[in-house]
Each structure stands twice: as C-alpha cells, then as structure tokens.
Amino acid sequence: MPNFTIRYIISLAIIAPLIIGIYFLNGQVQKTQLSDSRIINLAGRQRMLSQEISKVSLKIQNTTDEAEKDAYKKELEKAVTFWEGSHKGLREGSEELGLPGKNSETVKKLFVAIEPVYQEMVEAAKNIVRKLELGQSDTNVNAFIKTVLVNEAAFLSGMDKIVFQYDQEAKTRVESARRMNFLLLWTIFLTLIAEGFFILRPAVKRLERADKLKDEFISIASHQLRTPLTNVQWVAELLLKKETLSEKGREYVGDIMTSTKNLSSLVDTLLNVSRLDVGEVSARLESINVVEFIQGLIDESAPICDKKNLKVSFHHSTESIKANTDKGALRNIVQALLSNAIEYTLDGGTIRIALEKMSQHLVLTVQDSGIGIPKKERVSFLFQKFHRASNAEKVKPGGSGLGLYIANQAVKLLGGKIWFESEENKGSTFYVELPLESGKIKGHKLLS
Amino acid sequence: MAENTKKTILIIEDELLQLKSLADEFTDEGFQVLKAQNGEAGLALALREHPDIILLDIVMPVMDGMTMLKKLRENVWGKGVPVILLTNLSADNDQRIKDITTTEPAYYLVKSNWALRDVVEKVRERLSGPHS
C-alpha cells in the first residue's frame, strides 16, 4: 500500500521536527535561564559594589594611617574596576562575563536614567584613587568622597529597578517557552491521533477488506472453476452409460472422466494453497465436533473408496470430541492425508483412521496399507511444495506434490505437529497432533 | 401401477447442462423429474407439486438456493420435505453454506466430487432414511 507508506512517512515527518523543536526549545530555555540568572546576579552585585565603594570611601575619610589608607585605596580601585566592567557588560554585553548585552527597551531606558549618577560616582571614585596616588590633601579627596556618597542612594534605587525589570523579563521568557513547549506537545499528540484516525484505521480496514476479498475470490473461483468441470464429468458419465460405444470409445470417455476428476482435485488443492500460502493467515476459530467433521469428510470420499474396494474404518473413543479450531485448516489436513492414503493404497487395501483425545490435544492417525515411503526420502523434503516421494509417480502419475505441503501448513496454522512412520510396500501412518484450543496459539505465523 | 410408486424429484439448477444431465439420469433411474432454473420458480413448483425430494443448487439468479430453502421451510408442507444441497461452493469458504448448515442438518454435496450415479445413490439413501 504505497498510499499508507506515504501517509505514514508524512506523519513521521510532522512529528520528527516537532520533537527536535521541543529538544532545541528546552536547550534554548536552559541557556536563557542561565544567562538571565547571570545577569540578575551581576545586576545585584552592582548594587553591592556601589555600597562597597561608598563604605571604602568613608573608611578612607576616617583614617589617618597612611598604610591603611593605601590598602583601602587598592580595595577601592579593585571594586571600581569590577563595577565598571560589569556595568559595561550589562549594557553592551561581554563574552568574558557571559553576558549577551541584549537589553529590552525598558532596561535600556532605566540604564540611561541612572547613567549620570553612575558616571559621577565612577569619576569621583576614580578621582579618589588618583588623588591618593598623587598624595594630595585630604580636603581635595574628601570632596570626591562626598560626591560618591551623595550619588550612592540614587544609584541603588535605579539599580533596584533594573534588577526587578530583569527578573520580570526572565519570568516572562520562561512562561512563553513553557507555553510553546505545551503547544508543541499538543501538536504531537494531535498528529498521533490524526495518524490513528486517518492512516492506521484506514490501513487496518483495507487489510480486513483485502482478507474478505481474498475469501470471496477463493469462493467464486472455486465455484466458477468447478462448474464446467462438473458439466464435462456428468456428460461423459451419461455418454458412457446411455450410448453404445466401442471398446476404444469407452476407454476414451473413461480417460476424459479421469482427467476431469484429477483437474477437479487439483483445483481444490490450488485453492487451498492460495488460502494457506499468502504468508500469514489467521485461524478462524469455531467450536466443532471433530468426530462428526471427520466422518463427513470420510463420507465424501466414499465413492472413490468403494471404487477401489478399500476398507476404510474410523475409530474414536467418544462420539463427540469438541475442539476450538479452524474448519478450513482441519479440512485441509484430513483431506490431504485421506486422499494420499486413498491414492497410494492399492485396490482392496485398508485405511484406518483414528482420533484420540488427550488432555490438551487431539491426535489424528491415518494409517494405510499402501506403497509406503522409501527410507532414502528426506523427511523434510516430503513436506515441501511440489515434492513427491520417488515411488509416488508409478502409482499416481501427474500428482501435484502439494498434499503434504498443505497439510503441514494447516497444522502449523493450528499450532500442531505432524509426523509419520512408513515402510516401503507395507504402508504409511501419519500422525497429527492438534491443540483442542487453537485460540491459545493465536497469531501463529506460517513459514512459507 | 408403476407410475404411482415413482418418486418425484425436483431439480433446481440454473446451469442448463447440469440440469439436463441430472434430469436424464434421474429419469433413467425411474424418477419423475421436475425442473426449475431458479429459486423462485423452484419454490412455486415445489409448493404446487409437493415432490418427494428436492435437489437444490445454491448460486442462482432471481432467487438463490438459500433464500428459497428458507422460504420453503416456512411452509407447513415445506418444513418436512428432504432437501439436498448441490453446489460447487466449498463449505469452508462460503458463509452462506455455514449459515444454513448450522440451522438445519442438510445434506450437502460438492458437485465436482460426485458422479451422477453417486448423487442418485445419495438421493435414494435420503428417501429411505429416517429423515424422509
């Protein structure tokens, strides 16, 4: 079904990028979260650094110890460098600090708002360091310290707003990613449902229909093929009975009848093969009385057995042996074994059919006093399609070599076993073991 | 009179050649033969003539054998008349036969497996059997 394949591939083609999309989206969310938390941390640290700068500036103002002053100066210088670097990174981005520098318009505006305060603080702090290095008077330095302290509060409140804004934006991003994820998952879910409805269900329906059509075909083909055969057979029979024919003439009509009989059984055989040989057929189980069923098949073959003067007997322990099995397959098995027994047993011989019920199985035995199977025959070959035992041709020229193959396939379908014992010129016994409940081997696959 | 002991058989078969063969054979074998080529004609003939036995094909135009049999069984007389289904359908593959053989124990013969004289035998057996 090319249609099915294409549709199935299309549905996979829809689902696959969706799954990949979810994978990338989640990766992206993780990256964004990492970057957002880094930005928020740094923005928070900026607040702390501004406080640190004020604190150190005050310490510088309050000490007279030169060594101490020098140490505070270094501390201040370090803090300012960090502060400046982070500020630049937050506004413009920094690979080193892992900052993207892609601020929203709101954040940009907030940065613009605190920029004068920031610039004044930075310049003042830098001047403190510079003046201290030059050894200038405390009065000179104190003016810059005052500038730092004056601007600190404004910077802090401005930076608070920025941190808050960053936080809000990060939350919004996570929320929209979650929504996107949800949307993608729903799309996958809906695609799978659509796949079930529009691809798998029609495909299953088509298979069921094909199965039904196959059955119908077999039924119609068997009817159509048999009808003209019956015509020939019956007209030939009447010709033989009603008309006065020469010896040769009777022989010719006899030949016609033999051929039509052979053709008729070949038609049956081929139809059975077509049913069993599709690769995978499922057993259609129903509860039947196997004794009655086999008796029916024996009755059907009565005319030919009578003609060959064969003594046919059927032994069964009870009148009714119920089994849950496939009628068609069981018919295939019994007919194949019975017609082989009839074909390969010479006139006046015996055929003994036995049915025995075990706890879980039934065992069917078909024993004949026929020509048997030569020892040299490979057992596995006998169950193969078109294979015939080497002595079969002499007794029945032009056999199809399909009987045992069909029986074997049908036995497999029912989850049973088939085997035989045979001695050339003495006879053969075929054994078939079948489960009473073939349902337990549901879905058994045929080997073809 | 021999005529009075003659059994009447109704053969319902759409395939003309087969109808002819069966009719010839049964006439030869001393039966009074009635012929019909579809279920509808067969049913009318059966209900009018009350034959001793009916040979019934399944796949036929106008009215198939199964429908005819069902209608026949609805009739007081038709309930008891022995019917032999004669077809080339195989029982395992055809739902129609499955349906009917589960509702009544019908004799059922696959034509291509049976010679004319065997069909006659079967009919005689049925006529003398417990169901007749």
Side-chain angles (χ1 to χ4, degrees), chain A residues 212 214-242 257 260-268 271-272 274-275 284 286-288 292-293 296-297 299-304 306-307 326-332 335 339 410, chain B residues 11 13-30 33 55 57-61 64-66 84-99 101-102 105-126 129:
Chain A
K212 211 172 149 233
K214 190 188 76 200
D215 280 355
E216 275 174 23
F217 166 76
I218 290 171
S219 178
I220 291 168
S222 85
H223 183 260
Q224 298 302 86
L225 289 170
R226 278 172 179 154
T227 300
L229 277 172
T230 309
N231 292 348
V232 176
Q233 216 166 295
W234 286 0
V235 171
E237 196 185 334
L238 286 174
L239 183 61
L240 208 56
K241 187 182 165 191
K242 293 166 80 100
M257 288 174 76
T260 44
K261 273 225 159 63
N262 287 345
L263 188 51
S264 169
S265 75
L266 187 63
V267 165
D268 285 347
L271 291 171
N272 284 337
S274 75
R275 179 170 175 242
R284 277 166 295 189
E286 56 188 306
S287 177
I288 59 163
E292 207 174 89
F293 188 76
L297 295 176
D299 290 349
E300 269 182 35
S301 65
I304 182 161
D306 290 349
K307 201 173 158 191
D326 182 308
K327 248 183 176 175
L330 186 61
R331 175 184 281 268
N332 290 157
Q335 270 181 344
S339 73
Chain B
I11 306 168
E13 166 71 68
D14 67 318
E15 183 70 23
L16 275 178
L17 216 51
Q18 286 174 19
L19 181 61
K20 191 169 147 255
S21 301
L22 286 165
D24 283 2
E25 177 72 7
F26 277 98
T27 308
D28 265 18
E29 293 295 325
V33 177
L55 268 188
D57 186 27
I58 294 177
V59 183
M60 284 185 296
D64 68 40
M66 287 304 163
I84 294 182
L85 295 174
L86 201 58
T87 185
N88 270 328
L89 289 170
S90 115
D92 305 315
N93 296 328
D94 202 274
Q95 195 56 42
R96 285 169 287 194
I97 296 179
K98 270 186 201 168
D99 291 344
T101 47
T102 48
Y107 276 84
Y108 156 69
L109 309 177
V110 174
K111 285 184 279 200
S112 59
N113 297 349
W114 291 79
L116 283 171
R117 65 184 160 87
D118 299 324
V119 178
V120 174
E121 271 313 299
K122 204 79 197 171
V123 165
R124 286 217 168 102
E125 187 188 312
R126 184 81 212 253

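All values below come from the heavy atoms of this structure, side chains included, with hydrogens, waters and symmetry mates left out. Lettering follows sequence order; numbering is per chain, from 1.
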Inter-residue atom distance [X].[atom1] - [Y].[atom2], 0.5 Å rounding:
X	Y	atom1	atom2	result
I304(A)	D118(B)	CD1	CG	10.5 Å
L240(A)	L116(B)	CG	CG	11.5 Å
L238(A)	D28(B)	CG	CG	7.5 Å

Q: Provide the full list of salt bridge (Lys or Arg N to Asp or Glu O under 4.0 Å) pairs with a residue in residues 14-24 of chain B, sequence neighbours left out, each pair given once.
A: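 Listed by first then second residue: nothing to list.
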Q) Around K242(A), counting heavy atoms of other residues, nucleotides and ligands shown, do more than 12 lie under 6.0 Å from its NZ? A)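 Counting neighbours around NZ of K242(A), more than 12 heavy atoms of other residues, nucleotides or ligands fall under 6.0 Å, so yes.
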**Q.** Least distance between heavy atoms, T227(A) atom then Q18(B) atom
**A.**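 Nearest heavy atoms, T227(A) then Q18(B): O-NE2, 3.0 Å.
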Q: Return the set of residues passing side-chain hydrogen bond (donor to acceptor under 3.5 Å, both in side chains) with E237(A) (not counting sequence neighbours), or none when no residue passes.
A: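 Result, side-chain hydrogen bond (donor to acceptor under 3.5 Å, both in side chains) vs E237(A): none returned.
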(Q) I'd like to know if E29(B) and K241(A) make a salt bridge, using a cut-off of under 4.0 Å between side-chain N and carboxylate O. (A) yes
Q: Could you tell me which portion of D306(A) (side chain, backbone, both or neither) has an atom closer than 4.5 angstrom to a non-hydrogen atom of chain B?
A: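 Contact with chain B is absent: no heavy atom of D306(A) under 4.5 Å.
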